[in-house]
Amino acid sequence: MTRFVLFRIGQSVFTVFGVLTAAFFLVRLSGDPTALLLPEQATAAEVAALRTELGLDRPLWLQYGLFLGKALQGDFGMSFRQHSSALGLVLERLPATLELALTAFVLGIGMAFVAGLALRLSGSRRLRALFYWIAFVRQAIPIFWFGLLMILLFSVSLRWLPSLGRGGIEHLILPALTLATFEFALYLRLLDAAFSEQQTQDYVRTAYAKGQTRARTILQHMLPNALLPIVTVAGINLGVLLGGAVVTETVFSWPGVGRLIVQSVSQRDYPVIIAGILVTSVVFVLINLLVDLLYAVLDPRVRLS
Amino acid sequence: MTDPVLSVRNLTIEVMTATGPARAVENVSFDVARGEAFGVVGESGSGKSLTMLAIMGLLPVGQVRVTAGEILLEGRNLLNLSFDELRAFRGKQVSMVFQDPMTSFNPVIPMGAQIGEIVRIHQPAATADEVRRRVVDLLDLVGVPDPERCYRQYPHEFSGGMRQRAMIAMAVANDPALLIADEPTTALDVTIQAQVMAVLAKARQRTQASMILVTHDLGLVAESVDRIAVMYGGRILETGGVDAIFEAPGHPYTVGLLKSLPRFDRAVDTLHAIPGQPAMVGNRPSGCLFHPRCGLGEGRVDCRARMPELLNATPAHWVACHARGETARWATRIDVDLRQRASALDRAVPGFSESQPLLQVENLHTHFRVARSRGWGREVLRAVNGVSFAIDRRQTFGLVGESGCGKSTLGRTLLGLHRATGGRVVLAGRDVAQMNRSRSRDLRRMMQVVFQDPYASLDPRMDIHDIVAEPLMINEMRDDARVRELMDRVGLPADAARRKPAEFSGGQRQRIAIARALALNPELIILDEAVSSLDVSIQAQVINLLKQLQQEFGIAYLFISHNLAVVRHVSDRVAVMYLGRIVEVGPSDLVFNDPRHPYTKALLAAVPVLDARRTRTKFVLTGDIPNPVRPPSGCAFRTRCALAQPSCARAVPELTAQGHPEHFAACFVAASNTPIRT
Amino acid sequence: MSAGIAMAMLGCLIAAMILIPALPGYDPYGQNLSAGYTEPFQTIEGKLYLLGADALGRDLVGRLALATRVSLAISVAAVAISMTIGVTLGLIAGFFRGPAETAIMGIADLQLSIPRVLILIAVTAIVGPNLVNLTLLLGLTSWVSYGRVARAMTLSLREREFVLAATTQGASPIWNIRKHLLPNVMPQMVIVGSFELGQIIILEASLSYLGLGIQPPLPSLGLMISEGQTALEINPWLSVLPGMVIFIVVAGVQFISQGFTAEGADARTSAMAAP
């Protein structure tokens with residue numbers, strides 16, 4: 001177990017390091033940022049001065065080293081457009097993203113479990129077909145269009161809820177539902193597939209052979225095993241959720257990290273883009289780490305080895 | 001006579017197949033008396049397991065259903081009960097020991113809680129403490145060491161044998177009236193099987209439960225039950241006292257089964273092989289189910305016309321055969337026939353003895369570096385740990401041992417699929433290891449292989465012709481005529497060429513694998529458990545085929561198997577492996593008739609034999625096979641050995657001659673030839 | 001059965017996309033400012049706007065047809081690219097193991113540790129959005145699912161007895177890969193690909209919606225939704241219609257994919273019946 005934990009922590013550190021490296025070289029690929037920062041009629045001397053200031057005249061490996069060193073201190077440079085630190089701008093927006101993503105996640109996975117267990121416990125084919133249709137339809141709709149339909153219905157037509165910005169709970173409802181329904185579709189199918197797989201396992205037959213009830217067999221025997229494959233793919237799905245959050249934030253003008261990144265891209269504000277992506281990755285890697293540790297706790301075969 | 005505990009009447013079960021519903025079990029009736037042990041014997045597809053699941057009410061919903069009949073347990077028809085009413089019976093009146101102890105427990109729940117569950121379900125009033133004490137008692141009863149600690153452990157921390165003991169503990173927890181054991185030892189090694197059967201007998205004695213033992217192993221029923229039913233194609237063909245049936249079988253199928261079984265308590269040179277393929281669900285012949293494979297009823301009109309009823313030959317012996325009066329005479333005729341074929345075979349085998357063996361293995365080592373199960377770093381698994389032997393041309397060399405002994409690793413090392421860590425492999429006078437890659441590849445082509453799993457050995461996307469042709473294609477020797485000839489040699493129909501492996505049964509697939517192995521004209525074929533997954537009647541066909549081919553092409557076999565009777569039947573010489581080393585080696589007759597190593601003796605004693613009346617010193621080897629990564633010091637067997645001395649821990653015994661120049665055993669005390677006491 | 005219906009639905013849509021722009025009057029670029037924000041089924045200046053027109057009065061039927069073609073072409077090309085990369089890398093990692101496997105799976109894990117949308121946003125920001133870049137990027141960033149499945153299958157296949165038997169007969173790694181691994185891996189790859197196609201169509205639309213995909217004046221479904229969003233109160237159809245096209249295409253593809261998956265499962269569980 002200790003070995004597993006240490007291994008996963010090491011892997012996480014390596015991942016963050018990899019993201020940093022990739023980000024550095026991608027930005028270097030993009031060419032000289034001085035053109036972005038200086039007016040078009042800038043003199044060669046002005047360009048050279050700025051290059052020295054930004055450290056662009058040094059060898060690449062040294063720039064890389066300096067970049068890493070600074071990044072470790074949380075210094076991604078100043079935003080090209082707004083005169084404040086890139087990381088500061090990102091961290092300012094982080095709570096909004098977390099609020100949206102977490103609400104959607106809890107809501108979505110909660111609905112998925114209620115629905116998934118309901119259809120297992122009832123054993124109803126009709127309920128299953130219904131839920132599968134909902135999940136199918138929802139998965140064929142892009143997040144941004146679903147958001148637009150929500151705006152169209154609840155803001156434009158019914159005028160019940162605001163369509164833009166962040167504020168009270170009424171601002172959260174539409175974007176959170178947009179993302180949550182997506183998560184619901186994803187996890188409902190995962191959970192049901194996991195249950196279907198467990199259903200044919202020998203230990204389920206053993207439980208019935210003991211005289212166990214259907215409900216207890218599902219809840220006490222199958223559920224803990226069905227959770228394992230879901231936790232395994234949780235990392236990838238978290239990526240989908242965060243990606244969805246970027247789009248959702250843009251649709252609803254939600255002032256989160258995703259929207260900041262998209263805006264920065266159109267302004268070519270590289271320090272903010274890098275800081276934004278790095279922060280997102282760190283959050284993602286951390287949650288993934290926690291999820292894997294949770295897996296280890298859930299599965300005694302991992303926990304005890 | 002008291003009422004039977006269980007009475008099954010005219011049970012018929014239908015399963016859904018691709019072509020619609022088909023009867024998997026038809027008109028099956030039997031009784032199990034109070035306290036009786038009843039055996040149900042049959043090959044795969046005979047419907048024996050479905051019948052048991054029907055008794056438990058555990059048939060898979062939707063795909064399988066009971067369409068007719070009654071299952072009376074203590075006088076109540078279980079088929080009329082609702083799920084909740086049935087629940088009260090399951091685990092209380094009737095309980096089941098399943099085949100696979102690996103998957104039958106929930107992997108994420110501690111063992112104690114899983115056994116406690118069956119107590120809590122049926123004794124809701126019991127306190128947590130009472131349940132716990134009951135579970136610890138049960139674990140103690142079935143011989144799980146340190147029950148208090150095991151209570152908290154998870155299934156994966158138990159060995160296979162221990163899990164099956166726990167399964168038995170669970171099954172008898174509520175003193176059931178009937179215990180159903182469905183192939184309870186099939187997944188276990190033979191010495192562990194003997195332990196588990198002993199535990200089962202003890203638990204049954206304690207609870208006075210009746211038992212149904214379902215198995216394909218005729219030896220196991222001979223030793224463990226009073227009466228049996230022989231099932232084939234979903235019907236009972238014969239039922240009666242086990243002694244009576246094994247002494248004078250009334251159905252030609254039973255005769256065939258008994259005669260197709262290799263025996264190591266009796267020398268048989270040729271096996272009787274029931275021809276053809278078993279009657280599978282959805283593809284059953286009309287008339288008597290068995291008539292297409294039957295040697296007795298050949299040509300009889302009524303055999304083709306209708307299924308015979310189960311009628312009594314003697315008051316306690318029932319047979320479903322139109323010609324049941326002639327079975328005994330026919331059986332004698334088979335024996336004569338077999339003897340004739342055997343003597344023909346004897347004459348044909350040349351008394352070959354060359355100075356140079358075909359294959360010589362000297363001090364071979366295959367070690368693996370494996371991750372430690374606990375803590376850091378890696379440790380060394382000595383799968384093959386200094387093995388030497390030689391195989392002559394045209395000879396069959398048998399290699400037996402239980403799981404983890406390294407026999408399969410040895411075979412794969414010879415094939416070049418594992419890299420040898422040390423030692424020499426000399427094939428036809430040339431050292432394989434000292435050659436460069438392509439030369440050693442050329443040499444290794446003289447050695448081919450047939451694996452155990454007939455489903456994994458053939459590429460599912462290729463047709464049979466391409467599979468058999470592949471070795472030729474690889475070596476750029478395309479020859480379609482040779483492919484046809486090979487297919488014909490192993491008894492495959494010509495129209496098989498363009499079909500895919502999925503259309504063939506296990507036995508036919510092994511024939512295809514054999515044809516493929518023959519393609520390059522090898523000198524040696526390594527048969528790695530090649531007949532182990534086959535049903536007895538099919539196994540006999542394949543063994544006979546292998547013997548025929550050996551005679552015809554002069555091939556040598558390295559026959560790797562855990563099945564002692566089969567090894568005995570096919571081998572000229574035999575080696576017994578335990579934890580990476582050969583502990584005994586010699587001519588087959590000597591090793592089996594006069595075993596010298598205590599492990600060989602224990603193995604032989606653990607194998608159930610057909611001859612139930614033969615009294616033998618049945619002694620059960622204690623303990624599990626040690627973890628091969630950390631074998632005991634000195635003689636690896638000493639931890640389970642009845643003769644172990646303190647000195648055995650200090651040095652590894654060498655193979656020494658045992659009264660015959662070619663019979664060797666590696667034991668410090670074997671030479672003194674002390675008889676083993678139980 | 002339902003896969004058949006989906007196939008028919010998709011087929012009609014694709015046929016419409018090809019045929020409609022060939023008819024006169026459906027020029028996707030022809031502006032008519034007096035027809036700006038026309039709602040569906042209205043006639044302006046004697047021309048019927050079946051699905052209405054956008055802010056510049058461009059006919060929506062023509063624009064939708066072209067946009068769908070563009071989206072599908074990009075997505076199919078991206079799937080082909082990513083499948084090729086994924087199968088190749090997965091086979092190499094699974095068959096040869098060792099440092100190659102460590103490196104390939106390391107990159108895969110790294111890529112999975114950043115949401116795909118973010119990678120695409122970041123790289124597009126740098127290389128600039130255009131049709132070729134978008135296709136390449138979608139292809140390059142989507143290989144991981146193929147790679148992982150191909151590697152997992154290869155790992156188990158290379159230990160299967162039919163591969164071992166071929167090895168003992170002298171088969172080279174190339175032989176085993178060509179004759180045994182690839183034919184057994186590919187059907188599963190097609191299943192993964194049919195699932196991925198739907199995902200990529202949505203991803204492409206999302207990027208274009210964010211302004212990071214296809215650039216005007218070329219129409220794209222995502223871009224059209226984004227353009228329509230500014231006029232949601234005036235003519236919601238401008239956003240709703242392109243969304244419905246995406247839905248129909250993705251649902252159709254998903255249906256077919258599910259048909260594949262079920263078929264695959266059938267083929268695995270039941271023995272193949274004689275033809």
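Fair warning: this is a prediction, and the values are worked out from it, not measured in the lab. Chain identifiers are assigned alphabetically (A, B, ...) following the order of the sequence lines, protein sequences preceding nucleic acid strands; residue numbering begins at 1 within each chain.
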Report the C-alpha distance between Ile121(B) and Arg216(A) in whole Å, list the side-chain angles of each, state the deciding distance to 0.1 Å, and finish with yes or no for side chain to side chain contact (heavy atoms under 4.5 Å, CB included). CA-CA 11 Å; Ile121(B) 292 169; Arg216(A) 277 173 185 258; over 6 Å; no

Non-hydrogen atoms of chain B under 4.5 Å away: do they reach the side chain of Leu298(A), the backbone, both or neither? backbone

State whether the side chain of Lys210(A) and the backbone N or O of Met170(B) hold a donor-acceptor pair below 3.5 Å, judged by distance alone. no

Choice from Met96(B), Gln114(B), Lys92(B) maximising heavy atom contacts with chain A below 4.5 Å: Gln114(B)

For Pro107(B) and Asn225(A), the nearest pair of non-hydrogen atoms, with its separation, is CG-OD1, 3.3 Å

Using modelled atom types and a 3.5 Å cut-off, is there a donor and acceptor pairing between side-chain atoms of Arg90(B) and backbone atoms of Ala209(A)? no

For His156(B) versus Pro300(A), what's the shortest heavy-atom pair and its separation? CE1-O, 3.4 Å

So does Asp202(A) get a backbone contact from the side chain of Thr103(B), meaning a donor-acceptor N/O pair under 3.5 Å? no

Short question: side chain of Asn106(B), backbone of His221(A) - any donor-acceptor pair under 3.5 Å? yes

So which heavy atom on Leu58(B) is nearest to which on Tyr208(A), and how close? CD2-CB, 3.4 Å

What part of Thr213(A) gets within 4.5 angstrom of chain B, counting heavy atoms only: side chain, backbone, both, or neither? both

Counting heavy atoms not belonging to Phe136(A), are there more than 12 under 6.0 Å from its CZ? yes

